[in-house]
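Quick notes on the structure that follows.
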Amino acid sequence: MYKLIINGGIALNGHVKTAGSKNSSLPILFASILANNPIILTNTPHLSDVSTTLRLLMDMGAEFILESDNSLFVDGSKLTNLVAQYNLVKTMRASILALGPMLAKYGKAKISLPGGCAIGSRPVNLHLKALEDLGASIKVESGYIYATAKKLIGAEIHFDQISVTATENIIMAATLATGTTTIHNAAQEPEIVDLVNCLIKMGAKISGTGTSMITIEGVDELSGVTYAVCPDRIEAGTYLVAAAITGGKITIKNVHYQSMRAILEKLLETGADIKTKENSITLDMKGKRPKAVNIKTSTYPNFPTDMQAQFTALNAIADGHSTITETIFENRFMHIPELSRMGANLALEGNTVVCKGVKSLTSAHLMATDLRASASLVLAGLATTGTTTIERVYHLDRGYETIEEKLKLLGAQIERVQD
Ligand code: EPZ
C-alpha cells in the first residue's frame, strides 16, 4: 500500500486541468452494454473505479482497448456472462449500474448485492422496485440479485427518494423497453445529463434531463458512439478548496463552472475572489484566512454531499463558527476524528458538525477511510506546516487522478511513498 507525505503550509499557485468525471464515466461505461457495436470514450479519467468497471465488463465478456491517444474503445455489445461477481462488486457499489442495461439488452442479470461502505448502508431498494415497475422479476438470495424480464415495458416510475444511480439505472433500462417511461422525482445531477447526452447520441429518445421528470421512449436498438465525458466538478471543487485553504491562487482548466454554482457561492462566502471564463475558473485567496461558512448538503443543484468533507477541512481553520449538516448519507463523517487529531475543534451532533475554526492545525499521522474523507485530510495537510502523513491512499485513487502530481504542479510539497 502507499501513503502520502505532505509538507504543508505552502500557498498553492498555478494552473491545473480537470480530468473527466468519475460519476459520468461509470454509468456511460455500463451504457456500452446497451449498444449493438462499440463505443469510443474520450476524456475518461485514469481512476481505479474506471479500471474496476472495465474489469467487471471484461469479466462479462466485453472488450476494451486504451488507445495511444488516451481514448477508450469499449465493446460491451456481446456479453457472454451475465453475472457481476462479488469480488469486483464489493470494491465498487456503482457496479449496480450493470443491472438496468443487462436487463434491457439480455432480459437477465445476476449481480452481487453491493455492500455498504464507509459512508453508509447504501441500499439499492429504489433500483429494484423501479425495475419491477418496468416488468422485471427480481429476487435477492445469498447476497445476489437475480433479475429476469422477457421484455421491459415502459411505465410511470415514482421515486420516493432522489437517487442518482437509481435514476441512471432506470433511464438506461427504459431506453430499450417497449413504450414510454416517465421518471418522477428524478435526480438532476450534471452527470445524469452527461449520460443522457451520450445515450441520445447512441439513438435513445429521452427528454427532460436536468429536471425532476424524465421521459424515455423505448427504441429497438442503440448504436455505438464516440463521446467525450464531461469534466469532474468534484475534482475541480476539491482543488479550488485547496487554493482557498492555503491562501493561494489557482486556475482550473477544462471545467464547466455552470454545474458548480453551489460550490462557487460557498467559496465566495469564504472571502475568495473568483473569476470564471468559458472553460476555466480562477480562485484567488490573496493570502487571507478563509471565513467560516455554514454548509447543508442536498441534491443537485444544491450543495453536493461529495464536497462536504472538503469544506469541513476548510472550516476547521477558518475564521469563525460554522455548522456542516449532511442530509444525504448517514455516516459521511469519517474525516472528523482524523481532523480532530490535528487539533480541529469539531463536535458532531446528529448529522451536523459544529465547528469553531482554529488559526492552525498541527501535522499528524492520519488514516484515510473513504474517497472524499481522504481528500479532506489532504487539504488539511496542505494547510498545516510540518509533515502530515496519510495512509491508505488507495481510497483517493478511486476518484482523484494522480492527485500528488497535480498538487506538485501547484507548488505543494507532497510525495507518494510505499508503506
Ligand atoms: C451517487 O451515489 C454518487 N456515485 C455518489 O458519489 C454521490 O455521493 C451520490 O450519488 C449523491 O450525490 C456515483 O454516481 C457513482 P444516491 P448513489 O442513490 O447513486 C439512498 C463519490 O464520492 N438510497 O443518490 O449511490 C442512499 O442511501 C460518490 O463520488 C436508498 O435508500 O447515491 C442515500 O442516502 C460517493 N435506496 C440517498 O439515497 C436506494 O436504492 C442518495 O443516494 C438508493 C439510494
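Numbers here simply count residues along the sequence, with the first being 1. Start at 1 and go down the list; that is how both ligands and their atoms are numbered. For clarity, every value in this text was computed on a predicted model and none was experimentally measured.
Close contacts of ligand 1 with H127, meaning ligand atoms under 4.0 Å from a residue heavy atom, involve 40 (O). Within ligand 1, the atoms closer than 4.0 Å to a non-hydrogen atom of R93 are 25 (O), numbered from 1 in the order shown. Less than 4.0 angstrom separates some heavy atom of V124 from each of these atoms of ligand 1: 39 (C), 40 (O).
For K249, the NZ atom is loosely surrounded, since the number of other residues' heavy atoms within 6.0 Å does not exceed 12. Annotation: R341, atom CZ; neighbour count of heavy atoms from other residues, nucleotides and ligands within 6.0 Å is above 12. The number of heavy-atom neighbours closer than 6.0 Å to OH of Y144, taken from other residues, nucleotides and ligands shown, is above 12. The number of heavy-atom neighbours closer than 6.0 Å to NZ of K110, taken from other residues, nucleotides and ligands shown, is above 12.
For atom 17 (P) of ligand 1, the closest heavy atom belonging to the protein is T165 OG1, 3.5 Å. Among protein heavy atoms, the minimum distance from atom 41 (C) of ligand 1 is reached at I328 CG2, 3.7 Å. Of all protein heavy atoms, the one closest to atom 20 (C) of ligand 1 is Q161 NE2, 3.7 Å. From the protein, the heavy atom lying nearest to atom 25 (O) of ligand 1 is R122 NH2, 3.1 Å. Looking only at protein heavy atoms, the nearest one to atom 36 (N) of ligand 1 is N125 OD1, 2.7 Å. If you check which protein heavy atom lies closest to atom 31 (O) of ligand 1, you get P123 CG, 3.3 Å. The nearest heavy-atom contact from the protein to atom 26 (C) of ligand 1 is F329 CE2, 4.1 Å. For atom 18 (O) of ligand 1, the nearest protein heavy atom (residue, atom name, distance) is S163 OG, 2.7 Å.
N315 and A292 get closest at one heavy-atom pair: OD1-CA, 3.4 Å. Looking at every heavy atom in both residues, T18 comes nearest to D232 through CG2-O, 3.2 Å.
Of all the listed residues (T327, D306, D232), D306 holds the heavy atom that lies closest to atom 28 (C) of ligand 1. Looking at R372, R398, R332 and measuring to atom 35 (C) of ligand 1, the nearest heavy atom belongs to R332. For atom 10 (O) of ligand 1, the nearest non-hydrogen atom from the set L128, N23, V164 belongs to V164.
Ligand 1 lies nowhere less than 4.0 angstrom from a heavy atom belonging to G399.
The shortest N/O to N/O separation between A94 and ligand 1 does not fall below 3.5 Å. Ligand 1 has no nitrogen or oxygen under 3.5 angstrom from a nitrogen or oxygen of L26. For ligand 1, the polar-atom distance check against I119 finds no nitrogen or oxygen pair separated by under 3.5 Å. For E330, no nitrogen or oxygen atom sits less than 3.5 Å from a nitrogen or oxygen atom of ligand 1, counting backbone and side chain alike. For a threshold of 3.5 Å applied to N or O pairs, the pair formed by T305 and ligand 1 contains no separation below that value. Every N/O-N/O distance between E168 and ligand 1 stays at or above 3.5 Å. Annotation: L126 places an N or O atom under 3.5 Å from an N or O atom of ligand 1; distance criterion only.
For F303 and F311, the ring centers sit closer than 6.0 Å to each other.
A donor-acceptor pair under 3.5 Å links the side-chain atoms of D194 to the main chain of C230, judged by distance alone. Checked by atom type and distance alone, the side chain of N37 pairs as donor or acceptor with a backbone atom of G224 at under 3.5 Å. Checked by atom type and distance alone, the side chain of K105 pairs as donor or acceptor with a backbone atom of A35 at under 3.5 Å.
Between F73 and L41, every side-chain heavy-atom pair lies at or beyond the 4.5 Å cut-off. H127 places a side-chain heavy atom less than 4.5 Å from the side chain of S163.
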Can E326 and N351 be said to form a side chain to side chain donor-acceptor pair (under 3.5 Å), step by step?
CA-CA 6 Å; E326 173 59 56; N351 67 340; over 6 Å; no
